[in-house]
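The figures here come from the full heavy-atom set of this structure, side chains too, leaving out hydrogens, waters and symmetry mates.
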Amino acid sequence: MRTARWQGLAYVAPFLILYAALLIFPLLMGMGLSFYRADLFGAKVWTGLGNYGRLLSDPVFLHALRNTFKLVLLIVPTLTALTLALAVALNRRTRGAAVLRGVFFSSSVLSVTIVTLIWRFVLTPDAGLFAEVAQALGREPLPWLSHPDLTIPALALTTIWWSIGLPMMLFLAGLQQIPSDMYEAAALDRSSRWTTFRRITLPQLRRTLLLVVMLQTAAQLQLFGQAQLLTAGGPSGASRPVVLFIFEVAFVRWELGYALAAAEILFTLVLLATLAQYWAARPREDAR
Amino acid sequence: MRRWLAPLLLLGSCAQGPDRTEIHLQRFFGDCSAEYGRSLDIGGAEGECGIVTTLLNRFRAENPDIELKINIVAWPGYAQLAAQMAANEPPDLVTMHQGLITDYQTRGLLQPLDGVLAQAGLQPADFTAAGQRGVVKDGRVYGLPWDTVGGLFHVNTRLFEQAGLMEGGRPVLPRSADELLAHARRFKAATGKPYLVQSSVNDPATHTRNLYTYLLAQEAVIFPDARHVRLRTPEAKRVLELFRTLEREGLTTTNQDNPAAIASFLGGEGGVFPTGTWMIGPFDAEAKTPGRPLYGAYAVFPYPRLFGREASFVDGHSWVMPRRERTPEQEAAIARLLRFMAERNFDWSRTGHLPAVQAVVDDPRFRALPHRADIAPLASNGRLLPPYVQRQGAIEGLIGEEVASAVAGTKSVDRALADAERRVNELLASTL
């Protein structure tokens, strides 16, 4: 028995060692350094909770935090609803549905650089696609990438377009797990499409739905590349998410300890969001 | 013969030998390998990217015993460099703005170049005064200065003519802030176009350059000491209110980033584009191309004196050597490369930048380049920030962001200046 346990441990040891070296150790090191005024090159001075206190009164950090929440609120519900609708619509064995599944998934394979390049061509107010359409309709083009009220929606739009593939596939996988006899029974009962969706599809997809919301919340709390490449967080920080703040503080301002304190706050937020969603799902799971 | 020479030289440069010395160079100025990746014709290259790419191609071809590995970073590449230095894996030679050298030098991250330059047969006296000021720290040389760069007023003379702002074939530039507004209003009324074309989106450098230039013109003390900036001043308010008025009255283009602003100016969509020396080459090429909106209609001058005295905030590019272990052969290879670059400083000056090698400034070939007589005052009026100011790159980002808010009207001028001052002072206070 004891030998079997050691053998099991030996199997997982390579992964555990790498996981500890690449994730746990840097995480703990980051936590430790967040209590120092430290630069990128090794100089450090103990400051206790000083970095955390400074962050909570830093209007730029608080602005970045608000931007991040706005992005999450714009992206996660829209993306979830949209990908669920697409999955339901494309969950059929026709060639057209297969092609469309491929088309909708294709954006997910692009790198953030390509995605932002494409959306720059769409959003730029001088000769972008939206600007051309607006001008054709006799309207002034909207400055999507430079107006403080439009940059967050522009980032959300770009991110939704880019991220549609994976949640759609997860929902499709979930839909294919639902036993067909449930739909047959509903059809015998002359249940409407909406009732079938509400009473059968949605409850059966509950775990997938939770997974999608959880994954997307965690991902969008860490949104970075689109903001850096499309708007650089501007104008005047109007579209700067927390990870871009962390990047700028660490690598442009060299305030490593301060950046790590912000990273720890973000880590806590992601952890709390994930735990809250588990908690929200648990009572119903137990009741079943 | 020349047709065969280039491929042969390139082929020679590709030959692998056991005694090749490897050095790693990291640079910005963009990637134009598609156009210049194989070019050895330095005289035929245009623009920063074209010229630096061709220069390095030529060095490789002429020095087959050196394996020069080049990493091209996205502008300005300092975040990447900082990460490389933190990981103790910096390149051997890096392009660096002279204003940033102090940051790295005070932390012992750069190797003094005195010995390598001596090996290359170069000495500080070979460089211009501005170049020397940029790279000499605590009596030691920390870089090969390559140029002096600054902001200029690039002018569309055809639109100026239309607005009645030409006199004796030369553009009439304003001599005060009020006159700038008067010219801009007159220009807009006559042409229907904004007087200024500005890169105002994602371009903190432009906003900061404008502010620094006109603060220096008013003799304002921007950094009273190494830990403080002084921005809540009537002088700073005056500058920001001017740019805010230009924006509010539609006398400038809005919502344009740098590529969009360049396209606008090239398309004849505005009268003056305040941008750097680096655009002289591309704009002059357009001005010589029949059929283009800028054809025969381009002039360029230093920022006009709107307040106090004539002054321009300038900086410069340099080649620096991060501290790391190297063999004597590698140091010798670097010395050869630095000598090569210094000897070709004239070719680099075709970009529009002012040369950093004094012999090039005195060279009649340089003075014969287009517009150089018009921008000559930049050499004497150009001023750097005090050498004790650290974190100039990060500060530029912070000030630029706040100035942009004030100019766009999303913050009041007073609030933006107060925020900029607070943020910069916090950064300087936290610097170890």
Heavy-atom proximity to chain A below 4.5 Å, by part of D103(B):
both
Can you tell which part of A38(A) gets under 4.5 Å to a heavy atom of chain B, answering side chain, backbone, both or neither?
backbone
Okay, L81(B) and chain A: the region with an atom under 4.5 Å from a heavy atom over there is neither
Going by atom types only, do Q26(B) and N71(B) share a side-chain donor-acceptor pair under 3.5 Å?
yes
Under 3.5 Å, is there a donor-acceptor pair linking the side chains of S318(B) and Q98(B)?
no
Below 4.5 Å from any heavy atom of chain B, which atoms of P148(A) appear? Answer side chain, backbone, both or neither.
side chain
Who wins among T231(A), V45(A), L256(A) for the most heavy-atom pairs under 4.5 Å with chain B?
T231(A)
Need one label for V60(A): side chain, backbone, both or neither, based on atoms under 4.5 Å from any heavy atom in chain B.
side chain
Side chains of D414(B) and S412(B): any donor to acceptor distance under 3.5 Å?
no
In terms of heavy-atom pairs under 4.5 Å, which option from R391(B), M85(B), Q256(B), K411(B) contacts chain A the most?
R391(B)
Quick check on F247(A) against chain B: is it the side chain, the backbone, both or neither that has a heavy atom closer than 4.5 Å?
side chain
Examine distances only and state if a side-chain atom of T208(B) and a backbone atom of G400(B) form a donor-acceptor pair shorter than 3.5 Å.
yes
Give the member of P59(A), P235(A), G42(A) that has the highest number of heavy-atom pairs under 4.5 Å with chain B.
P59(A)
Going by an N to O cut-off under 4.0 Å, is there a salt bridge joining R209(B) and D203(B)?
no
Bottom line for T431(B): the part with an atom under 4.5 Å from chain A's heavy atoms is backbone
Between chain A and each of A74(B), A263(B), A416(B), S430(B), count heavy-atom pairs under 4.5 Å; write down the option with the most.
S430(B)
Salt-bridge present (R240(A), E401(B); N to O < 4.0 Å)
yes
Taking atom types as modelled, find out whether Q390(B) and R107(B) have a side-chain donor-acceptor pair closer than 3.5 angstrom.
yes
Using ring centroids (six-membered ring only for Trp), state whether F28(B) and H317(B) fall under 6.0 Å.
yes
Is chain B contacted by the side chain of L142(A), its backbone, both, or neither, given a heavy-atom distance below 4.5 Å?
neither
